[in-house]
Protein chains: 2
Amino acid sequence: MNEELINDLSKNLGRVKANTMADDVEMKLRQYLKKMSLKPGDPLPKETDLAEALGVSRNVVREALSRLRMLGMIETRKRKGAVLASPDILLAFERVLDPLLIDDLTLRDIFELRLVLEMGLADLLYARMKDEDIDELEKIANNEINKDKSFLVKNEIAFHGKLYEMTGNGTLKRFQIMLLPIFAYVITRVDKPYSGKVDHRRLVDILRNGTKEDFKIGMYEHLKPHFDRL
Amino acid sequence: MNEELINDLSKNLGRVKANTMADDVEMKLRQYLKKMSLKPGDPLPKETDLAEALGVSRNVVREALSRLRMLGMIETRKRKGAVLASPDILLAFERVLDPLLIDDLTLRDIFELRLVLEMGLADLLYARMKDEDIDELEKIANNEINKDKSFLVKNEIAFHGKLYEMTGNGTLKRFQIMLLPIFAYVITRVDKPYSGKVDHRRLVDILRNGTKEDFKIGMYEHLKPHFDRL
DNA sequence: TCCCTATATTTGTAGTACATAATAGCAAAG
DNA sequence: CTTTGCTATTATGTACTACAAATATAGGGA
């Protein structure tokens, strides 16, 4: 068969997507939210009204609303109806971020993206970190002496998590939390314990006494084993 | 009124979330996909069977399936049923990544995240870039002379887009594309045209002749105006 | 072997009916 | 006057039926 050819064509042309009405209504609802410039807490029309206005069955409207609700864009309460929620960007991401469902290539790409982020943290850190932060970081780093491997992994996560937190960027921090499962998953696939030339205590030392550039170089060396494995 | 007390209580207790059956079924379907370790193209049971097996109406099953379909996790065709698709992680993100729906604080956080990424690109670039890439980059940079502002913005995007592309990390590149609207949106809110002490042509020069550290410093200076504005 | 057609099957949409929960209003109690 | 309890109302949540639309499969004919 010419399955390969078909596959190739499909990739170049893109599949014809028979838009269902639910897709349509979903888009229309998004536009509606935008056009009306609703604020969180503002109510949406009730389902029957939407259905009638759009000329579709209530079923279709419910499918569309169900999607928006899953993404945290709206909340629905009985009797009251649907109201616009504070859209949570990252909620959607969590839904598909399942290591077991992602192919290996993408998995590696995402892992790499995380490393890139860590490399770029330096500027935010040096602009915003406080002495207490460094103290806490040091405490975490000092916890690592003479501990078993499973503890080390947890501490590893705590240390890097604290770094993200110190940036003062809430979205960044949550983004990191979301990526944790993937990070852990990739780690389990290599036998050698995680460690570069520069360990956590050295990084703390750099934060306290070194320059921004020192930190970037230090972090690079710290993560180097990961880069090399990719 | 005791509104403040209510607010405080609500924060401590957390809201009760009345899980709908669709939420439940969605989760169960995810677990099913995982447990069966299905590969892309493998079929799912038909809706009526799922409904019967789960003890819910077909309506509820369809809501759950509709969500998964929106995220690109499954595809459904008439007569054939639903099949597992290659889950596209970033598709979900695009659904909520709408500058007009995101509050200002998150917007700034995301913009900052993008800057962090750009700062961290250096290592990937120096490991993977080819001479042709730099040539192309230079061509883009040289296009910028004596052009109007709207063209400059487009070129700005082209230049940085090329940088992401040169990392060889497809997910990273697509991630950047997704963030473009936000980037553009933030840019439009400042009057002063985008330019740091280091321009694109200087960055190209560094890539060709300089070291990794030079590039990091150069990129920092290039983006500094943005950092300062945040 | 190839093409065409009929058939069966599964999703997509519509519509009805009822359960469930939350709201508002009013009545009663303190 | 405030709080509590009851009741009616109303919008969502769920179930079920019916049918339209599309398409994979099988079977028949050249």
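Keep in mind that this is a model prediction, so the values were computed, not measured. Below, read A as the first sequence line, B as the second, and so on, with proteins coming before strands; counting in each chain starts at 1.
At dA11(D), none of the side-chain N or O atoms of R77(A) fall inside 4.0 Å of OP1 or OP2 (strictly under the cut-off). Dashed line: the shortest gap from a side-chain N or O of T76(B) to OP1 or OP2 of dG12(C) is under 4.0 Å. The shortest distance between the side-chain N/O atoms of S57(B) and the OP1/OP2 oxygens of dA15(D) is below 4.0 Å. At dA11(D), one or more side-chain N or O atoms of K46(A) fall inside 4.0 Å of OP1 or OP2 (strictly under the cut-off).
Between N59(B) atom CG and dT11(C) atom P there is a gap of 14 Å when expressed in whole angstrom units. In this structure, CD of E52(B) is placed 14 Å from C1' of dC16(D), rounded to the nearest angstrom. Rounding to whole angstrom units, NZ of residue K78(B) and P of dA8(C) are separated by 19 Å. Regarding I74(A), its CD1 atom lies at a distance of 9 Å from the P atom of dG13(D), rounded to whole Å. Here the C1' atom of nucleotide dT10(C) and the CG atom of L65(B) are 12 Å apart, to the nearest Å. In this entry the distance linking CZ of R62(B) with C1' of dT14(D) reads 15 Å, nearest Å. Between the C1' atom of dT12(D) and the CG atom of L50(A) lies a distance of 13 Å, rounded to the nearest Å. Atom CE of M21(A) and atom C1' of dA21(D) are 11 Å apart (whole Å).
Of the two residues contacting DNA chain D, namely E63(B) and R58(B), the nearest-nucleotide position lying further toward the 5' end is that of E63(B). The residue among R79(A) and A82(A) whose nearest nucleotide of DNA chain D is located toward the 5' end is R79(A).
Look at E75(B) and R69(B) and you find no salt bridge, because none of the NZ, NE, NH1 or NH2 atoms lies under 4.0 Å from a carboxylate O.
Put simply, the side chain of D133(A) gets close to the backbone of K130(A): a donor and an acceptor are under 3.5 Å apart. Using a distance-only test at 3.5 Å, with no hydrogens or angles considered, no donor-acceptor pair links the side chain of K173(A) to the main chain of G168(A). Judged by distance alone, the side chain of D23(B) and the main-chain N or O of T20(B) form a donor-acceptor pair under 3.5 Å.
Side-chain contact of S66(B) with R67(A): a donor-acceptor pair under 3.5 Å is present, judged by distance alone.
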